[in-house]
Amino acid sequence: MTTLAQEPPHEPYEPSREPWARPAGYATHDVTNQPGPLAPYDASDDTVLLEGVRREGAGWAEDGLRRLGKRAGSAEAQDWGDLANRHEPVLRTHDRYGNRVDEVEYHPSWHHLMRVAVGEGLAGSPWADDRPGAHVARTAGGLVWGHTEAGHGCPTSMTYAAVPALRAQPELAALYEPLLTSRAYEPGLRTPTEKRGLLAGMGMTEKQGGSDVRTNTTTATATAEPGVYTLRGHKWFTSAPMCDVFLVLAQAAGGLSCFLVPRVLPDGTRNTFRIQRLKDKLGNRSNASSEPEFDGTVAWLVGPEGQGVKTIIEMVNCTRLDCVMSSATLMRKTLVEAGHHVRHRSAFGARLVDQPLMRNVLADLALESEAATTLTLRLAGAADRAVRGDAGEAAFRRIATAVGKYWVTKRGPAFTAEALECLGGNGYVEESGMPRHYREAPLLSIWEGSGNVNALDVLRALGRSPASAHALFEELALARGADTRLDAAVARLEAGLGEASETGARRLVELMALTLQASLLVRHAPPAVADAFCATRLGGDWGHSFGTLPDTADLDGVLARALPGED
């Protein structure tokens, strides 16, 4: 038997000698019935988004959103997203001489994405903007720029969220806040105060506790200098390790406390931040998630000793909103991709978009997407008004953000899978981008507390903050009498509060989310959208998968709103 290595020499290959050879230029077939690339497109071409921005007080940002939307949908920006995920971050623990450096190298596309995101105010800049609606504008920008890719949204989100937590220590806030709210992106580890802009990360979870952060074993030892400690321990999930500063939880003499850990100390030397490895994650591949080890790591106390959770919880509230935003973004992005495909693909004698069952699927997805986007912007509006002193909005935000985080992020994976299926086999290949979106979807339910953690947090809000429940029902009351199915659902919710239990927490929070979304749609969406949502999500006239809207649903009305320019 002759192996490949033993094959005898042969004459050069000449196509003309093969019996099946054809003249130059001959094509075996022409490519037809295949959609062209979606890009360039306008990621801000979303009626629901623009209406919500105006309604929540950020209409002044519309021109900027439209400009950003065109950039997000450009072929260049879409390529950045693809490249940042194909060329993943690489950990370098040492330099060529053996010195410990603990650096992560990113593909240039990551830096392009970050530079735009920070420059467009998607990190900490709203905290330095006095205009009403500044936080809404930032959320809307995330809904638009997120059409590129999701991973780089992690450091911008953490930077945004770090500012209110850092304000618990005014002298630190005075030093770092102007840099965290800057629109300048300067990668690289240098003395923080010598840079034009900074990024912030967070280190909470440890391998033995996860979300149960009170079991953290990282220790903080006070030094002779007031407010300065040294840390020793190991964190389990610390994303974006090339951020300039981190908010970290550790056990001090007075209990679990919050600390600011810079990567580079004020004298220019590297702080001890040993990156043991990068996580090999399901998705979110462009974003490095690390396990850092602290050993004599210098840190500054943020807030009182023993008040670490209370100090950092404001950061968590902000990042939970961004989880809702990112899920809504993923829904919108994959819906746009599916809509583009079915408009340009035909089967069985008609375009897919004209086939009744496909229209049912798309319309069902469109309802879910609109409900997610509308709730996201309502939560952003509550956050904006809460930081400006509105106590009622602060109470609403406290419970509604946890409700939205639980429900919208839960809907993401099923939604993305259905949108992928609209492309058939074309959606299952990496080149389509849909597998990347599908892998991303589950993260948003896990990050900042999994479903159970958020459901139980809602129960805590009900027990500890009666004003939150009152604020939620005041919101629902704004739609009272507009739809009998919604009224009945609110009545069930009120009755269920008296029987709330940990076992039934998910059922209760799900009903809260659906009534809240329905109330917003009844008040702000066209009848075709509101009626179909209430009939299915609240009235029970629905199946167990997307594409099971009743025959009475106004599919044309829903799709005309969700997919502008449908022809």
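Fair warning: this is a prediction, and the values are worked out from it, not measured in the lab.
Annotation: salt bridge (Lys or Arg N to Asp or Glu O under 4.0 Å) contacts involving residues 201-224, sequence neighbours excluded, comprise Glu206-Lys235. Sorted by first then second residue, the salt bridge (Lys or Arg N to Asp or Glu O under 4.0 Å) pairs that include residues 317-326, not counting sequence neighbours, are Arg138-Asp322, Arg320-Asp457. Applying the side chain to side chain donor-acceptor pair (under 3.5 Å) test to every pair with at least one member in residues 253-267, sequence neighbours left out, gives these pairs: Asp267-Thr269. Evaluation of the salt bridge (Lys or Arg N to Asp or Glu O under 4.0 Å) test over residues 143-163, restricted to residues two or more places apart or in two chains, returns none.
A salt bridge does not link Arg411 to Glu510: none of the charged side-chain nitrogens sits closer than 4.0 Å to a carboxylate oxygen. Ion pair Lys195/Glu186 not flagged as a salt bridge, since none of the NZ, NE, NH1 or NH2 atoms sits closer than 4.0 Å to an Asp/Glu carboxylate oxygen. Contact check on Asp384 versus Arg388 returns a salt bridge, with a Lys/Arg side-chain nitrogen under 4.0 Å from an Asp/Glu carboxylate oxygen. For the pair Glu448 and Lys405, the salt-bridge criterion is not met [side-chain N within less than 4.0 Å of a carboxylate O].
Looking at heavy atoms from C-beta onward, Leu199 lies in side-chain contact with Met114 at the 4.5 angstrom threshold. Val104 is listed as a side-chain neighbour of Ile275, based on a closest heavy-atom distance under 4.5 Å. By the 4.5 Å heavy-atom criterion applied to side chains, Lys281 and Ser289 are counted as neighbours. Annotation: side chain of Cys154 is in contact with side chain of Trp447 (closest heavy-atom distance under 4.5 Å). Contact check for Leu459 versus Leu508: side-chain heavy atoms found under the 4.5 Å cut-off. At a threshold of 4.5 Å between non-hydrogen side-chain atoms, the residues Trp407 and Leu516 do not count as touching. Using a 4.5 Å heavy-atom cutoff, the side chains of Ile399 and Leu462 are in contact. With contacts defined as side-chain heavy-atom distances shorter than 4.5 Å, the pair Leu143/Leu65 does not qualify.
Formation of a donor-acceptor pair under 3.5 Å by the Glu62 side chain with backbone atoms of Leu50 is not found in this model. Listed for the Thr238 side chain is no donor-acceptor partner under 3.5 Å among the backbone atoms of Pro292. Between the side chain of Ser109 and the backbone N or O of Ala84, at least one donor-acceptor pair lies under 3.5 Å. The backbone N or O of Ser125 lies less than 3.5 Å from no partner atom in the side chain of Asp129, so there is not a single donor-acceptor pair. No donor-acceptor pair under 3.5 Å is formed between the side chain of Thr297 and the backbone N or O of Phe294. Judged by distance alone, with hydrogens and angles left aside, the side-chain atoms of Thr191 form no donor-acceptor pair with the main-chain N or O of Glu194 at under 3.5 Å. Listed for the Thr374 side chain is no donor-acceptor partner under 3.5 Å among the backbone atoms of Ala371. Panel note: side chain Asn216, backbone Ala250; no donor-acceptor pair is recorded below 3.5 Å. Side-chain N or O atoms of Ser450 include none that pairs as donor or acceptor with a backbone N or O of Ile446 at under 3.5 Å.
The ring of Phe273 has its center closer than 6.0 angstrom to the ring center of Phe246. The ring of Trp300 has its center no closer than 6.0 angstrom to the ring center of Tyr229.
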Discussion item. Does Val248 form a side-chain contact (heavy atoms from CB on, under 4.5 Å) with Met202? I'd like the steps, not just the answer.
Written reply: CA-CA 6 Å; Val248 172; Met202 61 194 299; over 6 Å; no
Item to complete: Using the salt bridge (Lys or Arg N to Asp or Glu O under 4.0 Å) rule, take Arg285 and Asp280 through it: C-alpha gap first, then chi angles, then the decisive distance, then the call.
Response: CA-CA 8 Å; Arg285 309 285 294 192; Asp280 186 7; 2.9 Å; yes
Practice prompt. Give the intermediate values and the outcome of side-chain contact (heavy atoms from CB on, under 4.5 Å) for residues Tyr438 and Leu330.
Written response: CA-CA 9 Å; Tyr438 183 60; Leu330 200 57; over 6 Å; no
Fill in: Arg439 vs Asn284, side chain to side chain donor-acceptor pair (under 3.5 Å): CA-CA, chis, key distance, verdict
CA-CA 8 Å; Arg439 290 191 298 270; Asn284 203 248; over 6 Å; no
Practice prompt. Show your working on side chain to side chain donor-acceptor pair (under 3.5 Å) between Ser290 and Lys279 and close with a plain yes or no.
Written response: CA-CA 6 Å; Ser290 69; Lys279 298 290 192 181; over 6 Å; no
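Of all heavy-atom pairs between Met158 and Ala240, the closest is CE-CB, 3.9 Å. Among all heavy-atom pairs drawn from Met331 and Ala372, the shortest one is SD-CB, 3.7 Å. Nearest heavy-atom pair across Leu301 and Leu172 is O-CD1, 3.7 Å. The nearest pair of heavy atoms linking Val144 to Ala72 is O-CB, 3.6 Å. When every heavy atom of Leu179 is checked against every heavy atom of Pro192, the shortest pair comes out as CD1-O, 3.6 Å. Closest non-hydrogen pair, Thr319 versus Ala161, comes out as CG2-CB, 3.6 Å.
With sequence neighbours excluded, no residue forms a salt bridge (charged side-chain N to carboxylate O under 4.0 Å, His left out) with Arg464. Here His112 pairs with nothing under the side-chain hydrogen bond (donor to acceptor under 3.5 Å, both in side chains) rule; sequence neighbours left out. Take Ala200 and apply the side chain to side chain contact (heavy atoms under 4.5 Å, CB included) test, not counting sequence neighbours, and it matches Thr159, Ala162, Leu180, Val245. Legend: residues meeting side chain to side chain contact (heavy atoms under 4.5 Å, CB included) with Arg270, ordered by chain and number and at least two apart, are Val101, Glu103, Leu189, Val264. Under the side chain to side chain contact (heavy atoms under 4.5 Å, CB included) criterion, Ala117 pairs with Leu122, Trp145, His152, Thr156, sequence neighbours left out. Shown here are the side chain to side chain contact (heavy atoms under 4.5 Å, CB included) partners of Arg274, two or more places apart in sequence or in another chain: Arg100, Asp102, Thr272, Gln276, Glu293, Asp295. Glu440 meets the salt bridge (charged side-chain N to carboxylate O under 4.0 Å, His left out) test with no other residue; sequence neighbours excluded.
For the residue pair Arg506/Asn452, the side-chain donor-acceptor check at 3.5 Å is satisfied. Between the side chains of Tyr176 and Glu171, no donor-acceptor pair is found at a separation under 3.5 Å.
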Using residues 307-315 as the side-chain source, report each donor-acceptor pair under 3.5 Å to any protein atom, sequence neighbours left out, with the distance given to one decimal.
residue : atom : partner : partner atom : Å
Thr311  : OG1  : Gln307  : O            : 2.7
Glu314  : OE2  : Arg397  : NH1          : 3.1
Glu314  : OE2  : Arg397  : NH2          : 3.1

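Remark: Gln251 CD to Thr221 OG1 distance equals 11.5 Å, nearest 0.5 Å.
Heavy-atom neighbours of Asp130 CG from other residues, nucleotides or ligands within 6.0 Å: at or below the threshold of 12.
Classification of the His107-His87 ring pair by plane angle, with boundaries at 30° and 60°, yields parallel.
In this structure, Arg378 forms a cation-pi arrangement with Phe396, its terminal cationic atom sitting closer than 6.0 Å to the ring centre and no more than 45° off the ring axis.
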